[in-house]
Structure formats: structure tokens, C-alpha cells
Amino acid sequence: MLSTVVVLKMTSDPHQPLHRSKLILGSCDVTSWTGPGPVPRDKLLQEIENKHGLFCMLTDRIDSEVLDKAGENLKIVSTMSVGYDHLDTAEIKKRSIKMSYTPDILTDATAELALALLLATSRRLLEANEAAKTGEWKAWSPFWMCGPGLQNSTVGIVGFGRIGQEIAKRLIPFKPKKIIYYNRSEKLEAKQIGAQRVCFDELLSESDFISVNCLLTPETKEIFNEAAFKKMKPTAILINTSRGGVIDQKALIEALQNGTILGAGLDVMTPEPLPLDNPLLK
Ligand SMILES: O=CC(=O)O
């Protein structure tokens, strides 16, 4: 049987955004989007009709509208991402369509990025760099641009899957006092790493640093809200490398402006990219 597949993929070639090639994957007839940027919604809806498979990116919302357009041929939806909150999993399951994703591909990269954000935020790297460039830096003074250190600190990790665990392992050389985590289930690996499972409230109130690494699901949507920020230490630093939706962004802005928490290092936000006048960019 000749399968038809839509591949939504971003490349830098602006001249050939939609690419059709027959028989390049064995017996597949592949239609791919090559950019620039994510595939426009109307293009996706048009091209998905009667396809057997869809390979998408995290920028493509795959919901009942797309699935209806695809029709009964569609057998598999696959996403090039670790998170799959852009897939309506209930709808996909209801229609007996298989799903796949790419866990582990970004484990090390995300763990490194979380550490980079944590150190850059606590050690005020970007502020200091800006001050050096603008002339704000006039002379050395003992407490200028000081920030909290990891040594003897308590680090809380929200979501202790592959990425959370790799972050914990990378934290150990920085000599934290304690690594605690909040996760639906106890993780066997935690013992070896030396991390302790706690409830969400305890993680909030005990942590000097919090790294968010959970999936965005209905349960985790905006778990960092006004009430959560109020339970955190005023010296706490929040790092988010999961999804912007885990944080109530308006509440975060207020928490930063009011000094409810000290700082935030964000790899993800809502929307992406942020409008340039968003207070988070200040
Ligand atoms: O954010 C990246 C991913 O989910 O792969």
C-alpha cells in the first residue's frame, strides 16, 4: 500500500516551503513543510487530508479539527519533541490513532540549559554583562551583583523524570545541602542520587532554588500561581525549562515585581516569543 505522510519540519530554505516527494521513504509519499517558520494552520489542514501519518513539531496543535480533516486514514501522529501538550491525546486515543514522541533526545541538553539558567540567574550574569557594557559598572564594591550560591542550599525539582534526575546529578558538585523533588510517584533512582521526595507545598517553602521539569498537563497547568509564589522564600529563584503554561505568568510578574521571590530564569514562556513590551523582559 502506498502510505501518505505529512512531515511538518522547519528548515531555513524560504524558497521551497512545501515539498512533495514520492517514494522517498520506501513506499511512502511524503509531503513536508520546510519553512520558513512553523507550518501555517490552513496549510496543515489542507495537506493532512487522507494522510496515513503525521510527523509534527511542538508548534503544531493537533486537535479534533486536524484529526477530522485527516479522516479515517490517519494511523499515527508522531512529534519531534519530549513534551506532547500540543497533541490532544484524548481525541487521538479515542480514534485509535497511535502516538509517538522523542523522549531522551534532549535530556542532557535541557539539564545543561537548566544549570546554565540557574547559575546565570543567581549569579546575575546577564545584569552584570549589561552593566559592563553600559558603563553602570563604576568600581568594585563588596556586595554589588552578589547573588545566592548553591553551596548549602536546598534545591527543589518539580518533575523527577529523566531531565529532573540529570539536573540533580549535575547539581551535586556544587555541594547543595539537600535535593528534594516533587513527582507523582516515588522514583527508584532518587535514592542513588540522594534526592528526597516531598509534597509540593514542602518543596515550595523549603527550596532556595526550584527547577521545573514536569510535563504540561491539566494537573500541572499553572501550578506555579499566586498561592504557590506566596509559599516560596523571598530569596528563591525559579528556573523553568519545561513549558510556559506550568506557570501563571501574570502571577510570576507580580511575584517578581513585589519581591515575593528573588528571580526567575526562563527557557519557556507564554506566548513564545514574548511580545517585546512584556514586563518579563525588564
Ligand atoms: O521543548 C522541547 C521538547 O518538548 O522537545
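Order of appearance sets the numbers: ligands from 1, and atoms from 1 within every ligand. Any value given below was found using the heavy atoms of this structure, including those in side chains, with hydrogens, waters and symmetry copies removed.
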Checklist entry - Are Lys178 and Asp208 within salt-bridge range, i.e. N to O under 4.0 Å? => result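 No.
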Next on the checklist: Between the side chains of Glu65 and Lys69, is the shortest nitrogen-to-carboxylate-oxygen separation below 4.0 Å, so that they form an ion pair?
Outcome noted: no
Checklist entry - Under a strict 4.0 Å criterion on non-hydrogen atoms, which protein residues are in contact with ligand 1? => result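 Residues Leu58, Ser81, Val82, Gly83, Leu106, Arg243 each place a heavy atom under 4.0 Å from ligand 1, listed by chain and number.
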Checklist entry - Among all residues two or more places apart in sequence or in another chain, which pass the side-chain hydrogen bond (donor to acceptor under 3.5 Å, both in side chains) test with Arg170? => result Asp108, Glu166
Checklist entry - Roughly how far apart are Met80 CE and Leu106 CG, rounded to 0.5 Å? => result 8.0 Å
Item to check | Partners meeting salt bridge (Lys or Arg N to Asp or Glu O under 4.0 Å) with Asp267 (sequence neighbours left out) | outcome: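 Per chain and number, Asp267 pairs via salt bridge (Lys or Arg N to Asp or Glu O under 4.0 Å) with no residue.
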Checklist entry - Taking only residues two or more places apart in sequence or in another chain, which ones pass salt bridge (Lys or Arg N to Asp or Glu O under 4.0 Å) with Arg61? => result Asp63
